[in-house]
Undergrad: 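The structure is given below, and queries will be raised subsequently.
Quantities reported herein were computed from a predicted structural model and do not represent experimental measurements.
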Number of protein chains: 2
Amino acid sequence: MALGKDYVGQDCSLSRALELLGERWTLLVVQNALYGVRRFSDFQVRLDIPKAVLSDRLGRLTAGGVLEKRQYQPSPPRYEYLLTDAGVELWPVVYTLSVWSHRHIGGEPPRLFRHAECGSGLLPTSDCPECGPVPPGDVEMYPGPGPKRSDPVSQAMNRPRRLLEPVVPLSG
Amino acid sequence: MALGKDYVGQDCSLSRALELLGERWTLLVVQNALYGVRRFSDFQVRLDIPKAVLSDRLGRLTAGGVLEKRQYQPSPPRYEYLLTDAGVELWPVVYTLSVWSHRHIGGEPPRLFRHAECGSGLLPTSDCPECGPVPPGDVEMYPGPGPKRSDPVSQAMNRPRRLLEPVVPLSG
DNA sequence: TCCGATGGTTCAATGAACGAACCTAGGAGT
DNA sequence: ACTCCTAGGTTCGTTCATTGAACCATCGGA
């Protein structure tokens, strides 16, 4: 196709990554998946995104090997989208870009991150200054000074918790 | 505006970064700037991008503090776009995403990178395994196994050279 | 029988991207 | 004097993507 999704004639890895991840909303979907969001309706509440677009993005990420769609109960049929290993490895990309944004664009972050084992804040690379590389499951997120959304999914994300730990919104 | 550039209601640093960097072509413009591309026509040749879109992206990146527009000769008036310090600090983002793409999507990279001082290949974080963090000006790029574009700007980028070193296309 | 939750699809309107054509200012060639 | 060429854009009609509202399907519970 001549418009929108591909970068015809580009030779580099970056262009291939952007064909999958470079569309509007896509990287925010991945970020929320890292934060533990798994269900269609939870992504929708967190992102305020048209359902048609969310459906498209989840489908593309699934086809691209970043997410995996799984039925977690048979009746009524309910689905969740889990990060694959490839998806989890996007954590350094998401974190590095967030840190850049905080440094150069500004704004207060609503969430902060530290190495759960030793308590150190992370370097901009997402490594721990004491222990070196940290698997995302060993990163603890906790509330920062920035503004927070008030929807139930965001509220459930406001207590300190590990990356990838499933979000369970308080029903009601 | 309700469509396209903003992520209204998003609270995080990542969404602010994506308002500036998340549009089609934008990150590829930054990547080429890191590779030493500075002039409008050189970006255009490398990227095969409509001039109107390139003009928009260069303008936005300039307004956003990632690039700086400079007149490099008075007559005839000619301009170049240089990365600011903030722009240079996008190198880890670009590199980390490229490495992810190579690992998980595949394809041969047309360019490889090493620490110029010691010759070591870079870690996925863009750090040197021997020396730690490497300023982009100390990163040497050299041809890899992947396909290469045949335009004069790409050809001028194919000899080993430092990041940020201005590209001088062979005229003709 | 109706209601609500979940996980979507359809569709008209709007906004962005595309690419071809055009524009401007200054040399350079003849 | 006239024309061509280069650099750095702008304009504009067509095509594609995003939006938001409406609709749909399935199941369980009151």
Undergrad: OP1 or OP2 of dT26(D) less than 4.0 angstrom from a side-chain nitrogen or oxygen of S75(A), does that happen here?
TA: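 S75(A) to dT26(D) OP1/OP2: no side-chain N or O under 4.0 Å.
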Undergrad: Are E89(A) and H104(B) linked by a side-chain donor-acceptor pair shorter than 3.5 Å?
TA: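 There is such a pair (donor and acceptor under 3.5 Å, judged by atom type) between the side chains of E89(A) and H104(B).
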Undergrad: As a test of reading the structure: which of dA17(C), dG19(C), dT19(D) is closest to the side chain of R24(B), going by heavy atoms?
TA: dA17(C)
Undergrad: Between dT19(D), dG26(C), dT18(D), which nucleotide gets closest to the side-chain atoms of P50(A)?
TA: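 Looking only at side-chain atoms, P50(A) lies closest to dT19(D).
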Undergrad: Are R161(A) and Y142(A) in a cation-pi contact, defined as NZ or CZ under 6.0 Å from the six-membered ring centre and within 45° of the axis?
TA: no
Undergrad: Starting at atom CD of Q44(B), determine the distance to atom C1' of dG19(C), rounded to an integer number of angstrom.
TA: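 Distance check: Q44(B) CD to dG19(C) C1' gives 10 Å.
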Undergrad: Produce a footprint string for nucleotides 4-11 of chain C: one letter per nucleotide, 5' end first; B if the base is under 4.0 Å from any protein heavy atom, S if only the sugar-phosphate is, - if neither.
TA: -BBBBBB-
Undergrad: Between P on dT18(D) and OH on Y7(B), what's the gap in Å once rounded to a whole number?
TA: 10 Å
Undergrad: For the residue pair T26(A) / R60(A), report whether a side-chain donor-acceptor contact shorter than 3.5 Å exists.
TA: no
Undergrad: Do the side chains of D56(A) and R24(A) get close enough for a salt bridge, i.e. N-O under 4.0 angstrom?
TA: no
Undergrad: Do S154(B) and R46(B) get their side chains close enough for a donor-acceptor pair, meaning under 3.5 Å?
TA: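 On atom types as modelled, these side chains qualify, holding a pair under 3.5 Å.
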Undergrad: What is the separation between atom CG on D6(A) and atom P on dC16(D), rounded to the nearest whole Å?
TA: 12 Å
Undergrad: If you compare all heavy atoms of W91(B) against all heavy atoms of L34(B), which two are closest, and at what distance to 0.1 Å?
TA: CA-CD1, 3.8 Å
Undergrad: Could you state the atom-to-atom distance from CD1 of I49(A) to P of dA17(D) in whole Å?
TA: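 It works out to 16 Å between those atoms.
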Undergrad: Identify whether any heavy atom of V53(A) sits under 4.0 Å from a base atom; if not, whether one sits that close to sugar-phosphate; answer base, sugar-phosphate or nothing.
TA: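 Counting heavy atoms under 4.0 Å across all strands, the contact made by V53(A) includes a base.
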Undergrad: Can you tell me how far P of dA16(C) sits from CG of L54(B), to the nearest Å?
TA: 18 Å
Undergrad: Could you state the CG-C1' distance from D48(B) to dC18(C), rounded to the nearest angstrom?
TA: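 Distance check: D48(B) CG to dC18(C) C1' gives 12 Å.
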Undergrad: Can you measure R60(A) atom CZ to dA17(D) atom C1' for me and round it to whole angstrom units?
TA: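 For the pair R60(A) CZ and dA17(D) C1', the rounded distance is 10 Å.
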Undergrad: Just by modelled atom types, is the Y81(A) backbone N or O under 3.5 Å from a matching donor or acceptor in the R38(A) side chain?
TA: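 Not confirmed, R38(A) side chain does not pair with Y81(A) backbone.
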Undergrad: Rounded off to whole Å, could you give me the CH2-to-C1' distance for the W25(B) and dC18(C) pair?
TA: 10 Å
